[in-house]
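What follows is one structure encoded as structure tokens, with my remarks underneath.
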Amino acid sequence: MEYQFREIEKKWQNRWKENGAYQVSHVSSSPKFYVLDMFPYPSGAGLHVGHPLGYIASDIFSRYKRLKGFNVLHPMGYDSFGLPAEQYAIEHGIHPAISTDQNIANFRGQLDKIGFCFDWSREVRTSDAGYYKWTQWIFLQLFDSWFNRHERKAEPITKLAAAFAATGNAHHECPGDRSIIFSASEWHEMSHERQQGILMEYRLAYCGHGEVNWCEALGTVLANDEVVNGVSERGGHPVVRKKLRQWYLRITEYADRLLEGLNTVDFSDSMKEMQSNWIGKSFGAEIDFDLENQDGLPLSLKVYTTRPDTLFGVDFMVIAPEHELVGRLTSDGQKKDVEEYLHYVNSRSERERMAEKKITGVFSGSYCIHPFTGGRIPIWLSEYVLAGYGTGAIMAVPCGDERDFKFARHFNIPITNIIGEQYDGEEANPTKDAILSNSGFLNGMVMRDAIGLVIDTLEGKGIGKRRVNYKMRDAAFSRQRYWGEPFPIVWKNGVAVPLPLDELPVTLPEMSELKPGPEGEGPLGNLQDWKQHGGGTREVNTMPGYAGSSWYFLRYMDPDNGKTFCDRSASDYWGQVDLYIGGTEHAVGHLLYSRMWTKALYDLGHIGFDEPYRRLVNQGKIGGDSRLVYRIRGTNTFVSAGLKDQYETDELHVDVGLVNGFELDTKAFAKWKPDFANAEFVLEKEKYICGGRLEKMSKRYFNVVNPDDIVERYGADTFRMYEMFLGPVEQDKPWDTKGIEGVHRFLRKLWRLFEHEEKGWILKKDDPTDAEWKVLYRGLRKAEEDTERFSFNTAVSSFMITVNELSDLGCHKQRILEKLLIALTPFAPHICEELWHKMGNPGSILNAVFPTIETRYLVESSKAYPVAINGKTRTEINISLDADQKQVEAIVLEDEVVKKWLEGKTVKKVIYVRNKMINLVV
RNA sequence: GCCCGGAUGGCGGAAUUGGUAGACGCGCCAGACUCAAAAUCUGGUUUUCGCAAGGAAGUGCAGGUUCGAUUCCUGUUCCGGGCACCA
């Protein structure tokens with residue numbers, strides 16, 4: 001019998017399901033290991049071969065750890081709230097709940113065919129009320145908390161209110177608004193509403209106002225990627241920035257802990273760097289510049305700078321177009337220009353503003369006064385200064401800052417040089433090591449050393465302050481959408497009142513039509529009856545996609561618990577995720593949010609660890625290999641790729657399923673679309689050859705390869721191994737269906753070690769030879785090392801080498817092959833289980849023990865050393881590993897080939913690195 | 001624009017700590033088996049010069065460090081990802 005993968009895989013998938021082979025419990029005496037894949041969004045497009053890449057890697061690792069004796073938690077579920085389902089509902093009139101269920105069923109069917117070891121009894125869906133009840137509950141935990149900066153942790157808000165009643169807020173600077181300062185007696189005199197307003201400025205989940213992409217024509221808020229070139233992607237309507245009431249998470253309070261936590265986790269350096277850049281901690285100063293024209297009121301412009309040492313190089317100020325003083329600073333003469341500029345800026349997204357190379361700006365007409373020189377400094381507006389960062393105003397030092405320099409050049413603003421020869425007048429020099437000149441009391445100092453002195457001096461004069469700043473902003477936590485978690489909040493007299501636990505979950509009400517609500521509200525705003533609740537008005541925004549995904553790793557530990565989000569005994573046992581696999585696209589957003597939620601839950605005593613993911617591995621993407629055909633313009637004639645330059649052609653994507661390698665199946669092509677039914681072809685060598693291009697795997701390029709088809713043709717084991725064999729998990733790589741044959745041949749070759757086509761079952765009980773043991777253990781050692789370091793592609797190749805060598809040796813011995821099978825199980829579980837049983841083993845190979853490598857078979861006594869002369873390898877000499885420098889020199893210099901190369905030259909030095917190489921320097 | 005990656009044969013990739021560049025697989029070429037095909041097996045396959053033996057060049061590009069660099073350093077080009085309401 002040949003290798004019948006279809007029957008084998010079906011049989012074992014059913015058997016494993018019946019036996020609950022993948023169900024685990026936290027009541028166990030084995031050490032735990034938690035392997036998690038990033039929460040998938042069940043998209044309607046279904047899986048293509050790129051999606052399971054990370055799942056296969058994590059599946060292999062889970063199975064491997066199980067063979068190593070660990071109790072492995074490996075769950076899967078769905079991040080099933082999200083914009084696409086809502087969009088689909090709007091366009092097709094199908095309720096998101098229905099399309100989501102369909103998508104999930106689809107998704108699950110595709111996953112099942114690949115033979116994953118997920119414990120499906122733990123499946124969670126963020127859109128299930130049983131799940132989002134606890135998302136809402138955690139939100140209320142955050143709402144009911146504030147961040148105590150002295151303790152550096154979250155605490156119940158009641159503790160803060162008690163502190164206010166006792167001592168006012170003198171010890172607890174208001175993070176939302178630093179200008180809020182009050183005493184205990186003032187606190188007592190405040191109205192309830194005012195008190196709640198102040199507490200809101202402290203809460204970890206709070207309500208404030210923020211700018212969104214507003215599309216008047218659609219009556220809705222748009223995501224950045226729904227905005228293209230300043231207009232909506234749907235319909236091309238104008239989009240402007242608009243301020244709306246929004247919920248936020250005060251993640252900025254956790255900035256330092258998020259930064260420090262990076263030292264305790266095993267993420268790639270680039271990942272850590274991306275996160276710390278996002279947090280963007282910087283040290284500098286806030287400086288107040290008096291305005292020239294005070295208009296009777298003392299008024300100053302507050303700027304933030306990381307380079308106070310350059311204070312004497314300030315040639316102008318730049319404020320963000322949204323800065324609160326814009327109106328006040330605009331002179332009558334400049335009014336028209338400023339208004340025009342604001343209109344222009346308002347039409348641009350933040351991303352466009354940051355990416356813009358073009359220099360834009362406008363003079364406000366006002367000046368401020370340099371605190372030391374008394375000079376007049378013009379105040380400009382420009383979009384390169386963002387309102388959300390620092391104070392929304394900068395002091396521009398063109399000789400030291402590239403953007404300031406370009407701005408000054410563009411608007412002909414004279415540049416002051418404070419760094420002497422270090423500034424060449426051609427470009428800015430951001431050095432900190434220059435000696436200052438033209439800098440008053442700083443003259444002669446090295447810039448680096450002047451920073452502290454400037455700040456001290458400014459603080460002494462009361463016009464500046466040392467300030468740590470973060471680029472990270474508080475995370476917007478509300479969406480004007482339907483398909484998300486409703487907030488468990490009711491508004492009464494402008495005060496947000498949390499609903500009690502027994503009213504959770506606040507279920508998402510049924511709606512037949514998802515059109516935007518009034519005044520920028522989401523669809524829920526249309527439900528007048530639902531809105532009225534408990535003597536107030538419900539919050540009608542919903543939570544964003546990352547709400548449910550910020551804590552799902554906890555719910556997997558205890559998915560059915562109706563009393564709490566996750567029982568402490570479960571979270572204490574499973575603890576941190578030991579291995580988290582997902583794409584780099586989540587580098588900042590999702591990972592920072594879930595890290596913050598974990599820290600807050602830890603602070604409040606709900607879990608026992610404050611970092612969710614111990615180790616993170618980023619999988620790469622699999623690209624599509626598109627096929628192109630060339631239609632002669634204005635005709636229905638297609639010309640083969642090699643001849644296309646002889647014609648004027650248009651390039652069209654053709655479905656990769658209609659192409660074998662590069663050769664088009666012209667008959668299938670004619671049937672593909674009605675337009676092509678009468679297509680004619682200009683062939684080369686009797687064939688139509690397509691063009692090729694590597695690009696994203698996407699329906700629109702017709703280059704999507706469905707894993708179902710591959711599994712049907714080659715089996716899940718082949719598919720799994722091939723995905724790994726393609727290259728390093730972390731790397732992006734193109735898909736090439738042709739290459740899969742090699743892996744499939746490998747599995748057939750493995751099968752033939754057990755069963756001969758004609759002779760039948762040929763397994764022998766004989767004792768293996770040393771050579772056979774050596775082949776086995778060398779292969780297993782490599783496979784084990786490679787698996788440990790996530791190098792699955794080389795692990796697969798080491799299995800190939802092992803099977804090739806065992807075949808060459810004619811080894812059909814049970815004692816060798818059963819060890820090989822166990823080690824291969826994580827990669828190809830079905831075939832291994834089948835052969836394991838055919839060998840007569842009781843029980844499942846899933847529960848076998850990973851073989852111990854017997855190193856005594858691997859000891860080498862000599863090595864074929866490469867011998868190089870001046871770094872160029874000339875020959876190879878077999879020398880004992882015990883040889884010392886002298887012996888090696890003697891052997892090498894006697895060698896015929898070496899002698900030939902040394903003719904007429906003297907050997908200066910012999911470099912001998914044991915077990916590596918020998919190099920003669922002549 | 002800012003941040004993070006990447007670049008090695010015809011193709012995917014290997015080389016784990018600075019030590020034989022191209023493992024393994026695809027593709028291609030030749031051969032065996034076969035009426036034939038498929039499957040399978042055997043050999044070859046970086047480029048270039050050479051009948052061969054053998055030589056030269058070679059890891060995006062330009063330099064540097066070193067006995068020795070795909071690996072470390074400096075500069076540079078191109079490609080991919082992220083940039084806060086896609087998830």
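So that the names make sense, note that chain A is the first sequence line, chain B the second, and so on, each numbered from 1. Being a predicted model, the structure only gives us computed values, none of them experimental.
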* **Side chains of Thr135(A) and Phe81(A) in contact at under 4.5 Å (non-hydrogen atoms)** => no

* Got a sec, which residues hit side chain to side chain donor-acceptor pair (under 3.5 Å) with Arg748(A), two or more places apart in sequence or on another chain? -> His744(A)

* Asked: So what does Arg874(A) touch, heavy atoms closer than 4.0 Å: a base, only the sugar-phosphate, or nothing?
  -> sugar-phosphate

* **Rounded distance in Å - CG (Asn870(A)) to P (rA56(B))** => 12 Å

* Structure fact -> Regarding the side chain of Pro84(A), the nearest nucleotide among rA87(B), rC4(B), rC85(B) is rA87(B)

* To do: Measure centre to centre between the rings of Phe405(A) and Phe407(A), then say whether the value is under 6.0 Å.
  => no

* Under 4.0 angstrom, heavy atoms only, what part of the nucleic acid is Val910(A) near: base, sugar-phosphate, or nothing? -> nothing

* **Residue Lys900(A), side-chain heavy atoms: nucleotide from rG54(B), rC4(B), rC85(B) that is nearest** => rG54(B)

* Counting any heavy atom closer than 4.0 Å, what does Gln246(A) reach on the DNA or RNA strands: base, sugar-phosphate only, or nothing? -> base

* Could you tell me which nucleotide pairs with rA87(B) by Watson-Crick or G-U wobble geometry, both distances under 3.5 Å, or answer none if nothing does? => none

* Asked: Has Trp901(A) got a side-chain N or O lying under 4.0 Å from the OP1 or OP2 atom of rG55(B)?
  -> yes

* Distance in angstrom units between His756(A) NE2 and rU40(B) P, rounded -> 14 Å

* Asked: Is rC28(B) paired to anything, Watson-Crick or G-U wobble with both distances less than 3.5 Å, and if yes, which nucleotide?
  -> rG44(B)

* To do: Just jot down the salt bridge (charged side-chain N to carboxylate O under 4.0 Å, His left out) partners of Lys621(A), sequence neighbours excluded, or say none.
  => Glu585(A)

* Same-atom distance (P) from rU70(B) to rA15(B), integer angstrom -> 15 Å

* Would you indicate what Trp278(A) reaches in the nucleic acid, counting non-hydrogen atoms under 4.0 angstrom: base, sugar-phosphate, or nothing? => base

* To do: Go ahead and name the base partner of rG22(B); Watson-Crick or wobble counts if both distances stay under 3.5 Å, otherwise write none.
  => none

* Taking Lys242(A) for its side chain and Val221(A) for its backbone only, find out whether a donor-acceptor pair lies under 3.5 Å. => no

* Give, for atom OH of Tyr78(A) and atom CZ of Phe39(A), the distance between the pair rounded to the nearest 0.5 Å. => 10.0 Å

* To do: Remember a base hit wins even if backbone is also touched, and classify Gly589(A) as base, sugar-phosphate or nothing at under 4.0 Å, heavy atoms.
  => nothing

* Determine whether the aromatic ring centres of Trp597(A) and Tyr552(A) lie less than 6.0 Å apart. => no

* Structure fact -> Closest of rA84(B), rU20(B), rC3(B) to the Met472(A) side chain is rA84(B)

* Please name all residues satisfying salt bridge (charged side-chain N to carboxylate O under 4.0 Å, His left out) with Glu805(A), sequence neighbours left out, ordered by chain then number. => Arg778(A)

* Atom-pair distance (CG on Asn213(A); C1' on rC85(B)), nearest Å -> 8 Å

* Can you find a donor-acceptor N/O pair under 3.5 angstrom joining the side chain of Glu273(A) to the base of rC3(B)? -> no

* **Watson-Crick/G-U partner (both atom distances under 3.5 Å) of rA37(B)** => none

* Nearest to side-chain heavy atoms of Arg473(A), which nucleotide of rA23(B), rA57(B), rA84(B) -> rA84(B)

* Asked: What is the distance from CG of Asp736(A) to C1' of rG27(B), rounded to the nearest Å?
  -> 9 Å

List every contact pair, protein side and nucleotides 41-47 of chain B side both N or O, where the distance is under 3.5 Å.
residue, atom, partner, partner atom, Å
rC41(B), OP1, Arg752(A), NH2, 3.0

Indicate every side-chain donor-acceptor pair of residues 863-870 of chain A with a distance under 3.5 Å to a residue at least two apart or in another chain.
residue, atom, partner, partner atom, Å
Tyr865(A), OH, Asn915(A), N, 2.9
Asn870(A), OD1, Val922(A), N, 3.1

* To do: Using the C1' atom on both, measure rU40(B) against rU34(B) and round to a whole Å.
  => 11 Å

* Looking at the angle O4'-C1'-N9-C4 for a purine or O4'-C1'-N1-C2 for a pyrimidine, is rG13(B) syn or anti, with syn meaning within 90° of 0? -> anti

* What integer distance in Å separates Tyr384(A):OH from rC83(B):P? -> 25 Å

* At under 4.0 Å between heavy atoms, what does Ala864(A) touch on the DNA or RNA strands: base, sugar-phosphate, or nothing? -> base

* What integer number of Å spans the P atoms of rG6(B) and rG55(B)? -> 36 Å

* To do: Tell which nucleotide pairs with rG80(B), taking only Watson-Crick or G-U wobble pairs whose two distances are both under 3.5 angstrom.
  => rC4(B)

* To do: Map Tyr546(A) and Met271(A) onto RNA chain B by nearest heavy atom, then report which one ends up closer to the 5' terminus.
  => Met271(A)

* Whole-Å C1' distance, rC28(B) and rG9(B) -> 13 Å

* Sugar-phosphate only, base, or nothing, as touched by Ser549(A) at under 4.0 Å among non-hydrogen atoms -> nothing

* Does any non-hydrogen side-chain atom of His48(A) lie less than 4.5 Å from one of Val705(A)? -> no

* To do: Return yes if a side-chain donor-acceptor contact under 3.5 Å exists between Lys471(A) and Asn277(A), otherwise no.
  => no

* Mind checking whether Phe827(A) and Thr787(A) have side chains closer than 4.5 Å, heavy atoms only? -> yes

* With rounding to whole Å, what would you report as the distance between rA14(B) and rA23(B) at their P atoms? -> 13 Å

* Rounded off to whole Å, could you give me the CD-to-C1' distance for the Gln619(A) and rG81(B) pair? => 13 Å

* Could you tell me the separation between the NZ atom of Lys471(A) and the P atom of rC83(B), rounded to a whole number of Å? => 14 Å

* Any chance you could list the contact pattern along nucleotides 12-19 of chain B? Use B for base contacts, S for sugar-phosphate-only contacts and - for none, protein heavy atoms under 4.0 Å, 5' to 3'. => BSSSB--B

* **Sub-4.5 Å side-chain heavy-atom contact between Leu753(A) and Ser807(A)** => yes

* Write down the distance separating the P atoms in rG54(B) and rU17(B), rounded off to the nearest Å. => 34 Å

* **Rounded distance (Å) that lies between atom P of rC3(B) and atom OH of Tyr470(A)** => 21 Å

* To do: Return no unless some side-chain N or O of Arg748(A) is found under 4.0 Å from OP1 or OP2 of rU40(B).
  => yes

